[in-house]
Participant: 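The following block contains the structure, expressed as structure tokens.
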Amino acid sequence: MLLQERESFLRFLRARGAGDAAEDILQDTWLRLATAQTSPVAEPRNYLFRALNNVMHDRYRSAQRARRRDGEWIEINTNDAEASDAPLPDRALAAREALAQAEAVLRAEGERVLDIFRLFRIEGLGQRAIAEHLGLSLSTVEKDLQKAYRALIRLKETQDAE
Amino acid sequence: MTDTNEQIRQEALEWVLASQEADFAGWDALTDWLDADARHNQAYDAAMAASSWMADMIVAAPALPQPANDETPALPSRARSWRSGYLALAAAILAILLIPLWQMRPQPYSVITPNGQTRTIALDDGSRILVNGGTRLALDRSEPRFARLERGEAMFIVRHDDSDPFVVEAGDVRLVDAGTAFNVVRSGAGLDVAVSEGAVIVNPEGENVRLNPGRRAQIDGASGRITLSDVAASHIGGWRSGQIAFADAPVGEVAEALERTLGTRVTVSPELAAARFSGILQVAGRHADALPQIAPVLGARAVRRAEGWELVNIDAQP
């Protein structure tokens, strides 16, 4: 039913760096969603775009991980067998330390920045809902999220460089 | 060149934030932007990776309480569900490996409730914390007998242990349990503690005030002055059942309690600020739109404002 949208999805996948794999990725993702579907999705087009975006981001992360097989940056959300060879307790410890460091970096931007980041990325609230709940303006929430992301990107770059 | 890169990073950041919204619909515009420059996709992934990485770490950490949230559309949770199996596995592995470490290292986490939403936290020792709306509570997995109330209201139903009393910190005030169920409200710098079972010691190293059941202490944030009074034990933590009781309370305090429960901003007009209220408000199952019916009980009228409601004198001209 979304066949007429095929070209939009493929264009998006290629822009996200899928190259020749675009067709296969679209096919796989579409099948996976179609079989996993238990209830109707309100916006199937957006839903598939989001799923494709996540697939491409996972591929990006796998590639990064492979590049730094022995690096310091530990991925916890790993669904492949390519993670670091380090013994598990060490990796878990390193991950804990990295998390504490990331939290400290966000806290340094202000407690509110950490709160808003959590509400957005962990509890999945939209920016407008966060603004309403915390009694802030939408642009304040957006600015705080940008601060949080910038700080995390900086941190990640420092750690990757080490 | 540096400027251009900086600009790309900023644009990527904005696209990531927008596309992480559950109802994002601008996928074609995002495609156009990605296509416009070969560096855009890399910048987009880098911004996304930094936030996903931390989010996954937090989700993987066990026992982070998740709020009941009926406003979030089903879509993002379903989009996440095909990862959750791995996350749960990762969390389980972490949990097994890290138990000894937790006992040594601080593992702070915050519980934040928006106005109008309550949450119950079950601690490992069997203690429970019932968190009212509009509240921020700091806990630490390595210190299970400690909580810091940063703002809002919570009822603590604590398993008592003489050798390891439960401690609640709020600003400069320390509350130490002595076999206890107690409710704490923190608004601004002030603190309001009421004990329904057992006892609580306020500032054991300082004033060392013991509160028995049915006793209440109001601590002024500025002066540190403690005012003691009686309160019906059955009214303590009444917000849990939707009945909030007040004894000679300033209307501002009532407005804050309504704000936490009804999930909307409630302000008080200056001429009403000095008014006081005694009585019980029935708020069970009621929402912000019930405010016009509640206001007359307080001798007030509720007026719609840009951000919620204002309570004004009942005789005031519109």
Side-chain angles (χ1 to χ4, degrees), chain A residues 8 11-12 15-17 32 36 39 41-43 45-47 49-51 53-54 56-57 60-61 64 73 75-79 88-89 92-93 95-96 98-100 102-103 106 114-115 117-127 129 133-135 142 145-146 148-150 152-153 155-156, chain B residues 9-10 13-14 16-17 19-25 27-28 30-31 34-35 41 44-61 64 66-67 69 71-79 82-83 86-87 90 93-94 97-98 101 105 108 110 112 114-115 136 265 307:
Chain A
S8 307
R11 196 167 81 86
F12 175 72
R16 291 286 280 119
R32 190 166 43 101
S39 55
V41 172
E43 295 280 353
R45 185 176 192 271
N46 290 343
Y47 186 48
F49 264 120
R50 180 174 302 282
N53 197 30
N54 288 339
M56 291 314 296
H57 187 56
Y60 165 87
R61 294 171 85 189
Q64 294 284 96
W73 198 264
E75 299 276 1
I76 279 299
N77 176 30
T78 174
N79 56 1
L88 270 173
L93 180 57
R96 274 283 149 197
L99 175 60
E103 280 186 329
L106 287 192
L114 179 60
D115 282 357
F117 178 83
R118 281 173 174 273
L119 287 171
F120 185 68
R121 286 295 286 132
I122 315 303
E123 311 208 347
L125 288 185
Q127 293 179 43
H133 285 143
L134 298 183
E142 198 179 352
L145 278 174
Q146 292 193 7
Y149 278 40
R150 268 196 288 270
L152 287 173
I153 293 167
L155 172 69
K156 201 167 188 313
Chain B
R9 288 161 72 115
Q10 177 60 28
L13 199 55
E14 286 167 18
V16 167
L17 282 174
S19 58
Q20 282 177 344
E21 292 274 348
D23 57 358
F24 177 71
W27 297 101
D28 296 305
L30 173 58
T31 307
L34 289 167
D35 267 340
N41 187 45
Y44 180 82
D45 265 325
M48 207 167 158
S51 84
S52 316
W53 173 77
M54 185 170 172
D56 291 345
M57 296 284 289
I58 295 171
V59 173
L64 187 78
Q66 288 291 324
N69 180 3
E71 274 182 42
T72 307
L75 192 143
S77 62
R78 217 178 292 125
W82 31 278
R83 294 165 135 195
Y86 298 112
L87 282 177
I93 292 170
L94 263 181
L97 294 172
L98 286 175
L101 293 172
R105 329 174 96 249
S110 297
I112 307 156
N115 281 329
R136 193 189 146 108
R265 269 292 177 92
E307 292 192 354

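Keep in mind that what you see is a predicted model, and the values were worked out from it rather than measured. To find a chain, count down the sequence lines: A is the first, B the second, and so on, and within it residues start at 1.
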Participant: Using heavy-atom distances under 4.5 Å, tell me whether B/L13 contacts chain A through its side chain, its backbone, both, or neither.
Facilitator: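 The answer is the side chain of B/L13.
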
Participant: Which heavy atom in B/L17 sits nearest to a heavy atom in A/Y149, and how many Å separate them?
Facilitator: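 Closest approach of B/L17 to A/Y149: CD2-CZ, 3.7 Å.
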
Participant: Tell me if a side-chain donor or acceptor on B/E21 pairs with a main-chain N or O of A/Q127 at a distance below 3.5 Å.
Facilitator: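 Yes, B/E21 side chain to A/Q127 backbone: donor-acceptor pair under 3.5 Å.
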
Participant: Relative to the ring of B/W27, is the ring of A/F12 parallel (under 30°), tilted (30 to 60°) or perpendicular (over 60°)?
Facilitator: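 Plane angle over 60°, so perpendicular.
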
Participant: Heavy-atom pairs under 4.5 Å with chain A - which of B/R9, B/R265, B/E307 has more of them than the others?
Facilitator: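 Most heavy-atom pairs within the cutoff with chain A belong to B/R9.
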
Participant: At their closest point, which heavy atom of B/D28 faces which heavy atom of A/S8, and how far apart are they?
Facilitator: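 Here B/D28 and A/S8 meet closest at OD1-CB, 3.9 Å.
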
Participant: Give, as side chain, backbone, both or neither, the part of B/F24 having an atom under 4.5 angstrom from any heavy atom of chain A.
Facilitator: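 Backbone plus side chain of B/F24, per the 4.5 Å heavy-atom cut-off to chain A.
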
Participant: Between chain A and each of B/V16, B/D35, B/N41, B/L34, count heavy-atom pairs under 4.5 Å; write down the option with the most.
Facilitator: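 Highest number of heavy-atom pairs under 4.5 Å: B/N41.
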
